[in-house]
Amino acid sequence: MTKTEELLREAREIAWRAFPDPTQETVMHLFARLCDEQDLCGPEPASAEPVTVH
């Protein structure tokens, strides 16, 4: 699954939790917001190794 698909799925899940019957417009607005937040965080390093925090 691509990052775009993951963000779209997350937007849909947020919309269904927040609203009784969300419209497609609502889902797309949330998707755009998630994309903006992703852009602000910057890309994840491709060679990042998993880290265990104790």
Side-chain donor/acceptor pairs under 3.5 Å, residues 23-30, sequence neighbours excluded:
unit_1, atom_1, unit_2, atom_2, d
Thr23, OG1, Glu25, N, 3.4
Thr23, OG1, Thr26, N, 3.1
Thr23, OG1, Thr26, OG1, 3.0

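- For the atom pair Phe31 CZ and Glu10 CD, the distance stands at 10.5 Å (nearest 0.5 Å).
- Here CZ of Arg33 is found 13.5 Å from CG of Leu7. Values are rounded to the nearest 0.5 Å.
- Residue pairs meeting the salt bridge (charged side-chain N to carboxylate O under 4.0 Å, His left out) criterion with at least one partner in residues 14-23, sequence neighbours excluded, do not occur; the list is empty.
- For Arg9, the salt bridge (charged side-chain N to carboxylate O under 4.0 Å, His left out) criterion is met by no residue, not counting sequence neighbours.
- Of all heavy-atom pairs spanning Trp16 and Pro20, the tightest one is CZ3-O, 3.6 Å.
- Considering only residues two or more places apart in sequence or on other chains, Glu13 meets the salt bridge (charged side-chain N to carboxylate O under 4.0 Å, His left out) condition with none of them.
- Using a 4.5 Å heavy-atom threshold, the side chains of Ile14 and Leu34 count as touching.
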